[in-house]
There are 2 protein chains.
Amino acid sequence: MSEAEPTKGHRPGARERNRAEVMAQIMTAGRRALAEHGADGLSLRAVAREVGMVSSAVYRYVASRDELLTLLIIESYDAVGAVAERAAAGGGSAVQRFVAVAMAVRDWGRAHPHEYALLHGSPVPGYRAPDDTITAGTRVPAALIGLLVEEYAAGRLSVPVASEGPPVSEELSRQCDSVRDFFGSDLPDELVLRGVSAWTHVYGLISFELFGQFRNSFEPADDLLELQFERIAAHLGVQS
Amino acid sequence: MSEAEPTKGHRPGARERNRAEVMAQIMTAGRRALAEHGADGLSLRAVAREVGMVSSAVYRYVASRDELLTLLIIESYDAVGAVAERAAAGGGSAVQRFVAVAMAVRDWGRAHPHEYALLHGSPVPGYRAPDDTITAGTRVPAALIGLLVEEYAAGRLSVPVASEGPPVSEELSRQCDSVRDFFGSDLPDELVLRGVSAWTHVYGLISFELFGQFRNSFEPADDLLELQFERIAAHLGVQS
DNA sequence: GACTGATTGCGAACAGTGCTCTCGGATGTG
DNA sequence: CACATCCGAGAGCACTGTTCGCAATCAGTC
């Protein structure tokens with residue numbers, strides 16, 4: 001943190017170094033407030049107080065409360081994405097790593113319930129416009145589907161015969177294309193669909209636990225989640 | 001609405017009839033505000049204005065903004081529950097009815113995104129204490145699992161052999177008991193688990209669509225959801 | 001029918017919020 | 001040094017949830 005080198009042609013300068021530092025303080029204060037009081041309780045004035053500024057001064061750094069929230073959302077997406085990727089890169093079979101990713105996301109959610117809720121709950125439909133957030137949100141599913149891509153490329157995954165239900169429509173197949181493009185893979189439709197299915201299922205389970213929907217039934221949900229994750233993973237590698 | 005009969009020993013009386021009416025107005029205004037501006041935008045003062053009272057007067061009917069929200073939550077749970085039950089009572093095979101319930105919930109969510117988000121997103125951990133809400137929230141899953149119970153009782157469902165994953169722990173089995181108690185059924189663990197799995201999966205898919213997580217990939221999600229619902233339902237009646 | 005007590009709406013008030021604007025002082029650049 | 005930019009402070013506006021006291025209105029009793 002001392003004597004930063006001039007990487008970008010012009011050296012930092014005391015001014016913008018200070019600016020970056022204040023910005024970091026604001027983010028830190030915001031992060032804490034978010035974790036403690038939730039998105040609703042995130043008050044720009046409180047953040048300003050914690051940083052030691054007057055409220056209006058914060059607007060020199062952040063355009064609005066919503067923008068601060070957006071920044072925090074991106075940060076959270078990144079954090080959980082990193083956790084998921086680390087789990088995906090761990091050892092063991094693909095099934096084991098899949099379960100590891102699911103568990104990692106779950107653990108992150110339990111440790112940061114407000115952030116998780118902000119990412120995956122309360123959409124305020126049509127609000128979360130900024131594309132930054134949606135690209136930032138791809139890391140977790142990418143880690144999961146990435147496992148499939150990897151296994152398929154290694155020939156360790158047999159393409160399951162299209163099971164029950166209606167046939168894959170043209171539109172759906174085209175949507176699968178976009179997934180394939182993203183990974184630069186030729187994962188067949190069936191496997192893409194299974195991947196999406198797995199991720200949505202995992203998400204549903206984690207959210208149910210975090211949002212208290214298992215109260216009075218499956219609480220604590222540890223055993224249930226472990227079992228379900230395991231089965232979802234196994235279902236991916238089905239040999240039928 | 002005229003000359004109400006005295007069902008409870010003492011007749012309504014102009015006063016409490018009026019009170020009920022004002023209360024209904026408050027709920028209506030609240031419902032509309034919630035649907036239009038979301039939970040965050042639900043302002044007690046705005047509700048008061050719409051009803052034609054001053055803000056403090058509303059407190060004669062509702063203890064706080066949170067209580068009004070809670071009442072609206074319960075109402076919404078009831079609404080979506082009724083929709084689900086109607087779909088479950090429709091014609092067709094169990095698989096068809098399962099898909100119908102899933103689609104009905106999805107449609108309701110698309111029609112009432114803010115309410116859906118309030119029910120299934122943003123938990124504010126530890127906040128939604130009132131037990132009224134969690135019992136009110138059982139109707140949809142009850143409709144789904146109810147289909148299983150029904151089919152099982154009719155002998156149209158073979159118990160799948162415990163598939164992959166760890167064995168069902170004692171605790172998990174005990175939790176399944178509570179589900180069985182609720183339905184007064186002897187649905188075996190395996191089927192209870194499949195039911196929970198199906199419901200969480202459906203919930204995950206619907207939420208993903210409503211919360212915009214399919215943006216840039218599976219949008220519109222109609223085909224995906226239909227296919228997935230169909231497969232989930234088929235998976236329930238597996239004969240293995 | 002007058003009296004009493006609860007019910008109910010109103011208005012003012014307090015503390016808090018997001019956000020805008022203006023105004024100095026500090027900082028960097030020519 | 002002079003000029004331009006930045007950046008924090010402060011006041012202010014419109015809004016929120018919530019509390020409190022006051023006055024009117026209604027229900028039931030002597």
Side-chain angles (χ1 to χ4, degrees), chain A residues 4 6 8-30 32-34 36-73 114 118 122 124 127, chain B residues 4 6 8-27 29-30 32-34 36-73 114 118 124 127:
Chain A
K8 256 304 178 30
H10 71 110
R11 56 181 110 202
R15 199 157 201 167
E16 63 185 278
R17 192 166 60 237
N18 194 272
R19 182 177 178 83
E21 199 168 314
V22 172
M23 186 65 194
Q25 283 181 35
I26 290 176
M27 289 293 286
T28 301
R32 181 150 58 204
L34 174 60
E36 200 159 336
H37 305 99
D40 283 6
L42 178 68
S43 152
L44 245 161
R45 286 184 120 110
V47 167
R49 268 193 303 271
E50 184 157 331
V51 178
M53 297 198 297
V54 85
S55 75
S56 62
V58 187
Y59 285 85
R60 299 277 181 209
Y61 297 84
V62 156
S64 68
R65 197 195 88 115
D66 266 16
E67 187 180 298
L68 178 56
L69 255 179
T70 301
L71 292 176
L72 291 169
I73 287 177
H114 282 115
L118 191 54
S122 54
V124 195
Y127 146 75
Chain B
K8 255 307 180 24
H10 72 110
R11 56 180 113 202
R15 198 158 201 166
E16 61 186 280
R17 193 166 58 236
N18 194 273
R19 181 177 180 84
E21 199 169 313
V22 173
M23 186 65 193
Q25 283 180 33
I26 290 176
M27 289 294 286
R32 180 151 58 203
L34 174 59
E36 200 160 336
H37 305 99
D40 283 7
L42 179 68
S43 154
L44 244 164
R45 287 185 119 108
V47 167
R49 267 193 303 270
E50 185 158 332
V51 177
M53 298 198 296
V54 85
S55 75
S56 62
V58 188
Y59 284 85
R60 300 277 181 209
Y61 296 85
V62 156
S64 68
R65 196 195 87 115
D66 266 16
E67 187 180 298
L68 177 55
L69 255 179
T70 302
L71 292 176
L72 290 169
I73 288 177
H114 283 116
L118 189 55
V124 195
Y127 146 76

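So that the names make sense, note that chain A is the first sequence line, chain B the second, and so on, each numbered from 1.
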What is the distance, rounded to the nearest whole Å, between atom [atom1] of [X] and atom [atom2] of [N]?
{"X": "B:Met53", "N": "D:dT25", "atom1": "CE", "atom2": "P", "answer": "18 Å"}
{"X": "A:Arg17", "N": "D:dC7", "atom1": "CZ", "atom2": "C1'", "answer": "17 Å"}
{"X": "B:Ile26", "N": "D:dG17", "atom1": "CD1", "atom2": "P", "answer": "13 Å"}
{"X": "B:Met23", "N": "C:dT7", "atom1": "CE", "atom2": "C1'", "answer": "16 Å"}
{"X": "A:Glu67", "N": "C:dC19", "atom1": "CD", "atom2": "C1'", "answer": "14 Å"}
{"X": "B:His37", "N": "D:dC15", "atom1": "NE2", "atom2": "P", "answer": "13 Å"}
{"X": "B:Arg65", "N": "D:dT18", "atom1": "CZ", "atom2": "P", "answer": "8 Å"}
{"X": "B:Asp40", "N": "C:dT17", "atom1": "CG", "atom2": "C1'", "answer": "13 Å"}

Comparing A:Leu42 and A:Arg60 on DNA chain C - which has the more 5′ nearest nucleotide: A:Leu42
B:Val22 vs A:Ser55, nearer the 5' end of DNA chain C by closest nucleotide: B:Val22
Of the listed nucleotides ([options]), which one gets closest to any side-chain atom of [X]?
{"X": "B:Leu44", "options": "D:dG8, D:dT16, D:dG17", "result": "D:dG17"}
{"X": "B:Arg49", "options": "D:dT16, C:dC10, D:dG8", "result": "D:dT16"}
{"X": "A:Ser43", "options": "D:dT18, C:dG9, C:dG18", "result": "C:dG18"}

Residue closer to the 5' end of DNA chain D, A:Val54 versus B:Arg45 (nearest nucleotide): A:Val54
Short side-chain N/O contact from B:Arg19 to OP1 or OP2 of C:dT8, under 4.0 Å: yes
A:Tyr59 vs D:dC7: side-chain N/O to OP1/OP2 distance below 4.0 Å: no
Sugar-phosphate only, base, or nothing, as touched by B:Ser56 at under 4.0 Å among non-hydrogen atoms: base
Residue pair A:Arg45 / A:Ser55: nearest heavy atoms and the distance that separates them: CG-CB, 3.7 Å
Closest non-hydrogen atom pair, A:Val62 against A:Glu67: CA-OE2, 4.0 Å
Less than 4.5 Å apart, any side-chain heavy atom of [X] and any of [Y]?
{"X": "B:His114", "Y": "B:Leu118", "value": "no"}
{"X": "B:Leu68", "Y": "B:Val58", "value": "no"}
{"X": "A:Val22", "Y": "A:Arg60", "value": "no"}

